[in-house]
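Working notes, beginning with the structure itself.
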Amino acid sequence: MKKHRINPDRCTACTSCIAQCPVTAATRKFRGPKMMGPALERMRLAQDDEDPSLDYCSNCKNCDISCPFGVPVSTLNMLARAKQYQKKNQRLRDNILSHGEKMAKLSSAIPGMAAATNFGMTIGRKSGLLDLIGISGKAPLPAYHANSFVKQFKKLKQQSFPDKVVFFPGCFINYNDPQVGLDFVAVMQKNNIEVIVDEDFVCCGSPLVVNGYLDEAHENAVKNTGLISKWIAESYPIITCCTSCGLMLKQEYQELFGLEAVQENARHMYDSMEFLALLQDEGRLNTDFSPVDAEYLYHAPCHLRAQGMGLPALEVLPLIPGLKIANADAGCCGISGNYGFKADKYDIAMAVGQNLFDTITEADVDTVVCDCGTCRLQITHGARVKTVHPVSLLRQAYRV
Amino acid sequence: MKNNDVIVVGGGLAGLFAAAVAAGQGRKVKVLAYGAGAMNIGGGIIDVLGYGNDARPLASPAAGLEQLPPEHPYRKIGKQALVAALTFFQQIALAEGYEYIGGIDQMQWLPTAAGTLKPTCLVPRTMQPAVLQQTDTVYVVGFDYLKDFYPHLVAGNLQKRFGRKKSFIPLTCTLNFTEGRDVSALDIARWLDTAAGQESFVQQLSGQVKPGSAVLAPPVLGTACSYALVENLEAVLGCRFLETAALPPAVTGLRLRTMLLRHLKKQGVSILEKALVISAVVNDGYCAGVMTDNFDRQRAYEGKAFILANGGLYGGGLSAEPGRIVEPVFGLPVAAPAAQEDWSNPQLFSDQKQLFAKLGIRVDEKMRPQTPEGATVLSNVHIVGRNLAGYDFCFEKSGNGVALASAYQAAMSL
């Protein structure tokens, strides 16, 4: 655990993070990652001081990516922000955005309720009710799916194989975009792997952390970590299709909560594309792909880039004959989880994403490939193109 | 993770340039970067050699090469490869629309944000000191919120330096920034990226600067790696624009980084971020792969050749411990006096090169690591940039020159 101890004194104030922070570039209201993180942390240790600028960090982690000394700048910001939020009443808006899982469970408890919630959101958007509580009516809020991934998964007839993996769907795939999860299962099946889903998994906690609900996130961390340990004891790898869930489960649980078991668990946890790239490296990937005659642009989520595994989707997808894919390499999309949904952050998020939107428009593609669910929402919203998770393209090429 | 010809460890100038040279030779290259590299905070100019061993300024970088001691990286690389490296760099820059001007037979004395002059070799078009020679009147433009650049100080010091032949006139441009944080040159460059910023800037200058003069500003002339903005300003105002060397975050360094990344992308070089290389798999002096470590696990990256460009003591390529210096990835020998007080000359501003700055890895002419006795230890590993022994970049003003030359020599020796 010592390796990941948070030490603001590792910061040499080199300003690399300031140069690379997309929020700093978009608004002067944010004093920048170095100042808000390591520099002021030394002061905060001595004296509590409220600073409205803390509110502006989007936790996109470009500061961590750019830091030459491994200072968890964004996590220092999140910890300080949580402390600041504890002292005042949390806004209803933050409560709602942090508890997508609770909201989704409520709306899926009664048949037809998801549709009603979505309808309610449309009304809220049109009537300005959302803006009233601080959620931007312009933001690309995701709709709830009528049937959650877990519900649909239970009805799937999988072929049984000795090789099994445990899938952590995460809230977005489970409640908003179950197709990605179903596509993942289909791709695993084509590779003679059976997928297990543990229904006891809870939200990874990422949306809770950014809004200061650290205690709840900690509870979720303990619960998920216990479940993951249990599966790992049975030698099953754990796989996510959501890069923010992956980052939280493997890394931020260590940084934020210092949970001992996570270090061992993380060794057996994979992003879906990394797992497939590893299969390919071992010569075990089923490459019986039908040709796909299409051209795509790929957007790498910041939370994937922060994981130090490169961009595995760009290793796997080119194996599909005919498929052309280029890296957009145009920085953060701006949404950063629920940051871009907030009324006071919407414009900043759109400004951050502008370079990516322009790059997409210039590339003249109609579909962008991206591993992250909220990035996909923002890209569709900002660049008016279709988006797809890489695993769905693989399923398409397998023709299943 | 497999099928790479070359693995470059480090994403600074030496690493990215080594990748560019190797890719130019048709090799498949992967860069393992940890952090965004010192170009973020460096000045984006290429110092090759500014001062001789006696601390006196050199007439040109080339003029100082011969007197360097045999352990100096330039002596191992040779003048021919140094020139080839700079030429290749300039070719890339030109092709990317961001030309670098200069050569080793000419010293360029670049104005700094303190109004002093520093010797350098290759500069972007916006930093050519020759512009100062071409006019009698130089306006030194500062910005009201920018604490890192005082036009009166800069103009006053330059006036002393140049004498009465020229007049240096300080001006202050108003930013009207409403939202509060300390303003850096990068903030102003972003403001000048916008049409509103450009309009306001032109409006404030147009009444004050006369055509045919030069305008000396901190590095704020846009973040884009392009001369479009400066060409536009020069056309509208009828004067030449010049940027000084200044404090980080470095706008000119960021432009250089953008330029190299753009070039590498076209060359098909993949850059893996947040990849901390901690160890290597070595058999009989041959490296089969390097290992990265992260929050989840270690990952192996195989290759036929490896270029270690991870930044010496400051970048993490070397690590100082009581009484010794350690190279953590390969465990390479770094000779250092056992008594730490012997590492430095106690006079901070002495006229001698500092030993701690010269400590590093000894190499052969192909940049492969050697023992203190001169035996090559690893056959397919090459050491470049700040990891190298034998030079004090700060004293000599040779940092980016050694980075480019050693990267070129290593990548051409694969």
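Note on naming: letters A, B, ... go to the chains in the order of the sequence lines (proteins, then strands), and numbering restarts at 1 for each one. It should be emphasised that the depicted structure is a prediction, and the values quoted were computed from it without experimental measurement.
Atom NZ of A/Lys324 is surrounded by 12 or fewer heavy atoms from other residues, nucleotides or ligands within 6.0 Å. Crowding of B/Glu321 atom CD: a count of heavy atoms from other residues, nucleotides or ligands under 6.0 Å exceeding 12. More than 12 heavy atoms of other residues, nucleotides or ligands shown are found within 6.0 angstrom of NZ on B/Lys265.
Of all heavy-atom pairs spanning B/Leu186 and A/Ile18, the tightest one is CD2-O, 4.5 Å. Here the closest heavy-atom approach between residue A/Thr15 and residue B/Pro248 is recorded as OG1-CB, 3.5 Å. In plain terms, the two heavy atoms of B/Arg190 and A/Ala19 that are nearest each other are NH2-O, 3.4 Å.
Looking only at distances, a side-chain donor or acceptor of A/Gln254 sits under 3.5 Å from a matching main-chain atom of B/Phe295. Between the side chain of B/Arg297 and the backbone N or O of A/Arg267 there is at least one donor-acceptor pair closer than 3.5 Å. Between the B/Arg181 side chain and the A/Phe30 main chain, a donor and an acceptor come within less than 3.5 Å of each other.
With a 4.5 angstrom heavy-atom cutoff, A/Ala306 touches chain B only via backbone atoms. In this structure, the portions of A/Thr24 lying under 4.5 Å from any heavy atom of chain B include both its backbone and its side chain. Contact annotation for B/Arg257: only side-chain heavy atoms (C-beta onward) come within less than 4.5 Å of a heavy atom of chain A. For chain B, the nearby part of A/Gln20 is the side chain; its heavy atoms alone come within less than 4.5 Å.
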Worksheet entry | Residues B/Thr292, A/Met309; criterion side-chain contact (heavy atoms from CB on, under 4.5 Å); working and verdict | CA-CA 9 Å; B/Thr292 64; A/Met309 64 166 84; over 6 Å; no
Practice prompt. Test side-chain contact (heavy atoms from CB on, under 4.5 Å) on B/Lys274 and A/Lys61 and set out the steps.
Written response: CA-CA 11 Å; B/Lys274 202 96 172 114; A/Lys61 304 214 174 275; over 6 Å; no
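When each of B/Gly315, B/Ala275, B/Pro249 is checked for heavy-atom pairs under 4.5 Å with chain A, B/Pro249 comes out on top. If you tally non-hydrogen atom pairs under 4.5 Å between each of A/Gln307, A/Arg305, A/Arg31 and chain B, the highest count goes to A/Arg305.
With respect to B/Asn40, the side chain to side chain contact (heavy atoms under 4.5 Å, CB included) criterion is satisfied by exactly one of A/Ser16, A/Cys14, A/Cys17: A/Ser16.
Between atom CG of residue B/Leu272 and atom CG of residue A/Leu311 there is a gap of 7.0 Å, rounded to the nearest 0.5 Å. The CD1 atom of B/Ile271 sits 10.0 Å away from atom CG of A/Asn327, with the distance rounded to the nearest 0.5 Å.
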